[in-house]
Structure formats: structure tokens, C-alpha cells
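Quantities reported herein were computed from a predicted structural model and do not represent experimental measurements. The sequence lines fix the lettering, A, B, ..., with proteins before strands; numbering per chain opens at 1. The figures that follow rest on heavy atoms only: side chains count, while hydrogens, waters and symmetry mates do not.
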Amino acid sequence: MIDVQKINKTFHVPHEVKALVDVSTKISAGEVVVVCGPSGSGKSTFLRCLNRLEKADSGHILIDGIDVLGQKTNINKLRAEVGMVFQSFNLFPHKTVFDNVTLAQRVVRKRSKNASGEKANALLKKVGIQDKAGAYPDNLSGGQQQRVAIARALAMDPKVMLFDEPTSALDPEMIGEVLDVMKTLAREGMTMVVVTHEMGFAREVADRVIFMDEGAIVEVGTPEHFFTNPTHERTKLFLSQIL
Amino acid sequence: MDKNSNQRVSNRPPNYNTWVGVFCVFVVIVTGMFYYATQKIEYNWRWNRVPIYFAYEDIIDIVSDIEGEVESITAKGDEAVITVKGIDESKSYRVPAESVQVDDGEIISYADTLATFTEWRPGLLVIGLWITLKISIIATIAGIIIGIIGGIARLSSNPAFKWTTIVYVEIIRGSPLMVQILIWYFVFGTVINDLLAANGLGRLPAFWYGVASLACFAGAYVTEIVRAGIQSIHRGQTEAARSLGMSYAQSMRYIILPQALRRILPPLAGQFISLIKDSSLLGIIAIRELTKAAREVVSASLQPFEVYILAAILYLVLTFTLSMAVQKLERRMAVS
């Protein structure tokens with residue numbers, strides 16, 4: 001489903017930072033991959049490269065056979081197939097919850113008002129906030145906003161979902177409700193790449209854990225291997241710091 | 001807004017009403033002193049003569065173009081048709097029924113009055129106000145369009161768009177509006193009108209050069225306002241829109257611009273209030289806007305005090321109405 005071959009990314013502003021160094025991995029359909037690592041390790045950059053919010057300097061990324069970095073690739077078409085959930089939700093504050101979920105369906109997928117509305121209602125019900133459809137994002141709690149953001153991304157019927165630290169901006173008591181939605185998604189067979197510090201989530205639902213440090217993949221393995229028997233010193237150090 | 005007015009109530013200083021009184025007394029004293037000074041120089045205030053510059057009753061004489069005899073007067077409701085038959089031609093005049101001054105069969109010589117009636121006409125100040133309003137509205141709409149396109153182009157990574165906008169904004173903001181108006185009329189105007197004439201087309205009236213100069217002037221400032229507005233919207237908004245598969249244009253149209261426009265409404269209103277006031281410069285290219293009309297009235301009536309004060313009040317009415325309308329719009333947008 002996702003094939004990443006030796007991608008590199010260097011930021012030049014404000015000063016030169018090698019964010020990604022020869023990162024390669026393969027993620028198959030239905031797999032749930034958790035990417036973790038200390039801050040500045042390049043895990044968010046890796047995720048953002050997957051839908052070209054950041055453009056990798058070199059290497060290849062194939063999603064469902066489509067060349068993400070290709071000059072001729074219709075990036076908008078590709079992004080519609082790759083849902084993304086952000087740390088800071090990024091809901092559209094001038095639109096109601098309902099419009100947040102229907103807008104892209106109508107302008108990108110060209111669905112009718114009825115079809116997009118039905119889809120939105122079904123998804124809002126799925127994430128448990130159908131009663132807030134008419135509210136504006138600013139009147140919702142962080143957990144509710146993030147669930148709307150998930151519904152918004154799902155409305156496009158994506159083949160892959162990317163989560164960029166979806167619970168890091170939430171108050172502790174709201175983390176659970178967002179993780180529950182993500183667990184349901186994982187159980188339904190969605191292909192997911194999740195950047196997170198929620199090790200409980202990784203242990204419970206991840207098929208694979210990728211540990212990154214200083215822009216490179218240090219260790220890859222099943223959660224069992226990762227949490228009980230890490231081979232790398234840096235992985236051990238990281239786990240001892242956060243567990 | 002509501003919060004502010006609540007604060008004002010709760011934060012009333014001691015002796016609030018006394019100080020309100022002080023303010024009123026101050027206003028009365030300043031006005032009174034001004035009036036006293038004008039009396040000292042024996043200025044003759046004649047406010048009663050002012051209304052005719054808003055609307056006046058014009059006496060209209062319908063006179064015969066030919067010599068002859070009144071052949072018939074046929075009344076048709078409120079109107080009457082007087083037909084004068086001359087030696088080898090006859091002519092009909094349509095006039096209000098009650099104004100007819102001639103009888104059937106009367107002998108008419110050239111330029112004799114057939115009918116006299118009065119008609120209300122807009123005075124010079126009303127004509128000027130209307131032209132100021134018309135110019136301001138058209139230039140505002142054009143300025144917004146220029147500003148939105150300019151603001152987006154200014155942020156483009158394409159150097160052709162970006163540098164064109166920068167040069168445009170710098171030239172407009174760095175030179176006086178008065179000079180720009182003169183260039184629009186005497187330079188561009190001459191070129192355009194000569195080209196139009198060479199192709200057998202009519203001249204473009206000064207009005208449109210006035211509109212163009214104001215629209216371009218306001219457009220440059222609006223460009224900067226729009227740019228700042230777009231930049232003030234968090235990057236995450238663009239990223240969320242693009243990650244859903246929206247194109248750049250779609251994310252601008254549905255996500256960024258609606259939020260940016262709401263945020264820039266106050267500075268935008270200030271800009272268009274300036275535009276209304278700046279339109280007073282257009283008199284120099286012979287557009288009869290409010291200020292030019294006021295000057296014409298002054299040279300006819302020799303009442304500069306009343307007329308110029310009135311002109312200022314009329315501008316105030318326009319600008320105040322605009323700022324009230326924008327405030328209302330802001331409040332309505334804040335609700336949603």
C-alpha cells in the first residue's frame with residue numbers, strides 16, 4: 001500500500017537540519033503502524049512527506065502504486081485518498097461541524113448535497129457527536145474537535161489515514177475518547193500510520209512500531225518485540241524515559 | 001462590543017454626569033465663540049438660503065417654436081396636448097393640464113408662452129452628493145476586486161505575479177493621490193481618448209478616470225490589507241484543506257479568504273472611508289462631486305461658511321453610515 005524508498009529531507013530555515021535521512025519502509029493494506037521517537041526525530045516530517053505536505057528532497061514514495069513525488073501526479077487526487085488528522089485539529093472555524101465534514105466531499109468528490117449530508121451524519125454518529133452537527137468548532141471540547149477532524153478525513157473514503165500526534169494537544173481526560181475512535185477504525189481494517197506518544201495505544205492496536213531518532217529509522221518491530229525486547233540502546237533509553 | 005458597554009457602565013468614574021455636563025458646555029462654548037467671531041467680522045449667516053441647493057422649484061416656460069394659431073387643446077388625464085398650426089407646418093406640445101396659458105384659436109407668434117409650470121429639481125449639492133456616492137461605490141467594488149487579486153498575487157511564489165504587485169503597491173503608496181489623478185486624466189486619459197477617437201469611438205468621460213484613479217489607489221492599500229489577512233490565518237487551515245484534496249484555488253475560496261475577509265473588515269472599512277473623503281480631490285479633473293459642487297455653490301451664493309460646513313456634514317453622513325453598516329456586518333459575522 002505504501003512503499004517508501006530512501007527519502008531524504010533537509011530544512012534550510014532557520015538553520016540547516018537533516019530531518020529525514022534515507023528513510024525506507026513498506027506498509028501493507030490494513031496495517032496499523034505507530035511511529036514514535038523523541039521530539040525532533042523526524043517522525044512528523046516523515047508523516048507529512050507521505051501526502052506531500054512536505055516534499056521529500058530525494059527518494060521515492062508510492063501510495064497504492066501512485067508516485068507521490070512524481071511531477072505528473074495529480075497531488076489533489078492523491079491527497080483525497082490519504083486522510084490526515086492533525087495535532088491541533090485544524091477544523092474550519094467559520095463552518096459548522098456538519099459543513100466541516102461535507103465541504104470537501106462536495107468540492108473535491110463532487111458529491112450531491114444529500115449524499116454528502118448522509119455520509120456526514122453517519123460519520124458524526126460513528127465518532128459519537130451527531131448532536132453537535134450544527135455547532136461551530138470553537139464551542140466544542142478538544143476531544144470533540146479531534147473526533148470531528150477524524151470524521152472530516154474519513155468522509156473522503158480514504159485508503160490510508162495519517163495521524164500526526166492526534167492526542168498531544170488534548171487534556172488527559174479527553175485522550176481516551178479519541179483513541180477509542182482510532183481503535184474502532186483499526187479494527188475495521190483501515191490502513192493507519194500514527195505518530196504518537198501513546199504507548200498503550202501502540203501496544204494494543206499496532207501491527208508494527210517504528211522508532212525514529214535523528215531523522216532515521218532506528219528500530220522496527222512488533223509491539224511485543226519493541227516493548228519487551230528492544231535491541232537498540234537508543235530505543236531502550238527512549239522507552240525508559242517515557243514508560 | 002457588549003462586554004465593552006458593560007464595562008463602561010460598571011467603570012463609571014465619580015461625578016460622571018458632571019463631566020458629561022462639562023463636555024456639553026465645552027461644545028456650546030466653542031460653537032458660541034465661533035459664532036461670536038463671525039458676528040464680529042459681520043458675516044451674514046443665511047441658512048434659510050441653503051435648502052435651494054438641495055432642491056428647488058424650477059419655473060418652466062413652454063414656448064412656441066413657430067408662428068401660427070392654436071388648432072386644438074386636448075386634455076388627456078393630467079396632461080394636455082397643445083397643437084399649433086403654422087403656415088406650412090404644425091407642432092404639438094405635451095404639457096401638464098393645469099399649466100396651459102393659451103386658448104383655442106389664439107394667434108401665436110414665435111416664442112410666445114404656451115404653458116408655464118413648476119418642477120422640483122435636485123440642487124447642486126444633491127447632484128454632487130450623488131456623484132460622490134456613485135464614484136465611491138464603484139471605486140470601492142473595483143478596489144476590493146483589485147485588492148483580493150493583488151493580495152493573492154503578492155503571496156504567490158511566482159516572481160512575475162509577486163513583483164508586479166510589489167511594484168504596483170510601492171508606486172501607488174509612494175506618490176500623492178492628487179498627482180495620480182492628474183496622470184490618470186491628462187496622461188492615460190489623453191492616450192485612451194485619442195486611441196478611442198482614432199478608432200471611431202466616443203470619449204470616455206472624466207468620471208471614469210476619476211473612478212479608475214481612486215480604485216487603483218484604494219486597491220494598493222487593500223492589497224496589503226488582504227495580504228496581511230491571509231497571512232494571519234494559521235498555516236494549519238491551508239494544510240487541512242489541501243490534505244483533503246482541495247486545490248490551492250479551492251482552499252483559498254472556501255477556507256482562507258472567508259476567514260481572512262472577516263478578520264480584515266475593520267481596516268477595510270477604514271480604507272473605504274478614506275476613499276470617500278479622497279474623492280473630494282476629483283474636482284481638479286472637472287468631476288462635479290460634492291466638493292466641486294460646493295465650490296460652485298459658493299461662487300454663486302457667496303455663502304462659504306454655510307456651504308462648506310454643510311459639505312463637511314454631508315461627507316460625515318456618508319462615512320458614518322458606512323462605518324455603522326460595517327459594524328453591523330461585523331457583529332452579524334461574529335455570531336456565525
Side-chain angles (χ1 to χ4, degrees), chain A residues 44 47-48 50-55 74-96 99-110 134-139 145-146 148-164 169, chain B residues 1-3 144 147-148 151-152 155-159 162 225-269 326-336:
Chain A
S44 280
L47 198 72
R48 292 161 59 85
L50 294 182
N51 68 349
R52 217 166 93 181
L53 278 185
E54 301 290 353
K55 200 166 183 184
N74 182 342
I75 191 65
N76 297 325
K77 217 171 154 188
L78 177 97
R79 281 175 179 154
E81 307 292 337
V82 182
M84 186 152 194
V85 176
F86 299 87
Q87 179 177 351
S88 48
F89 330 132
N90 296 347
L91 292 178
F92 307 134
H94 61 304
K95 301 223 171 265
T96 61
D99 289 342
N100 263 278
V101 183
T102 54
L103 178 69
Q105 293 190 63
R106 283 189 284 114
V107 304
V108 179
R109 290 280 194 221
K110 310 286 180 209
Y136 283 89
D138 286 348
N139 299 326
Q145 288 193 47
Q146 193 60 298
V148 174
I150 293 172
R152 179 177 70 177
L154 288 175
M156 306 300 286
D157 294 320
K159 296 190 176 112
V160 183
M161 285 286 284
L162 310 176
F163 292 84
D164 189 1
Chain B
M1 203 62 215
D2 284 336
K3 215 189 241 171
I144 289 175
I148 289 175
I152 292 171
L155 291 171
S156 164
S157 48
N158 180 328
K162 190 173 164 181
I225 294 171
V226 169
R227 177 188 62 80
I230 291 174
Q231 281 179 328
S232 78
I233 304 300
H234 194 265
R235 259 175 63 104
Q237 291 291 309
T238 313
E239 288 184 352
R242 298 305 302 275
S243 78
L244 288 164
M246 287 189 212
S247 65
Y248 175 77
Q250 285 171 332
S251 70
M252 269 291 158
R253 178 176 159 201
Y254 295 107
I255 307 302
I256 306 303
L257 282 181
Q259 295 183 58
L261 289 181
R262 187 178 300 192
R263 209 170 280 186
I264 63 179
L265 215 47
L268 222 46
V326 171
Q327 261 188 35
K328 210 170 168 184
L329 193 66
E330 249 176 277
R331 235 171 288 159
R332 224 184 59 193
M333 281 179 140
V335 172
S336 66

J.: Against chain B, work out which of Leu91(A), Thr96(A), Ile75(A) has the most heavy-atom pairs shorter than 4.5 Å and name it.
T.: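 The residue among Leu91(A), Thr96(A), Ile75(A) with the greatest pair count is Leu91(A).
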J.: Show the nearest heavy-atom pair for residues Tyr254(B) and Lys95(A), with the distance to one decimal.
T.: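 Where Tyr254(B) meets Lys95(A) most closely, the heavy atoms are O-CE, 3.8 Å.
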J.: With respect to chain A, which residue among His234(B), Arg242(B), Arg235(B) yields the maximal number of heavy-atom pairs within a distance under 4.5 Å?
T.: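 Highest number of heavy-atom pairs under 4.5 Å: Arg242(B).
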J.: So, for Val108(A) and Gln250(B), which heavy atoms are closest and what is the spacing to 0.1 Å?
T.: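 Heavy atoms only, the tightest pair is CG2-OE1, 4.2 Å.
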J.: Among Arg79(A), Arg152(A), Arg109(A), which residue meets the side-chain contact (heavy atoms from CB on, under 4.5 Å) test with Leu244(B)?
T.: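 Single pass found, and it is Arg152(A).
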J.: Side chain, backbone, both or neither: which part of Val107(A) has an atom under 4.5 Å from a heavy atom of chain B?
T.: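 Val107(A) touches chain B through backbone and side-chain heavy atoms alike.
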J.: Closer than 3.5 angstrom, by distance alone: can the side chain of Asn51(A) be matched with the main-chain N or O of Ser243(B) as a donor-acceptor pair?
T.: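 No: the side chain of Asn51(A) does not pair with the backbone of Ser243(B).
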J.: Taking Met333(B)'s backbone N and O only, do any of them form a donor-acceptor pair with His94(A)'s side chain (distance below 3.5 Å, no angle check)?
T.: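 No: the side chain of His94(A) does not pair with the backbone of Met333(B).
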J.: Kindly give the heavy-atom pair with the smallest separation between Phe86(A) and Ala240(B), and that separation in Å.
T.: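 Between these two residues, the closest heavy atoms are CE1-CA, 3.6 Å.
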J.: How many angstroms lie between atom CD of Gln237(B) and atom CG of Asn90(A), to the nearest 0.5 angstrom?
T.: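 Answer for the CD-CG pair, Gln237(B) versus Asn90(A), is 6.0 Å.
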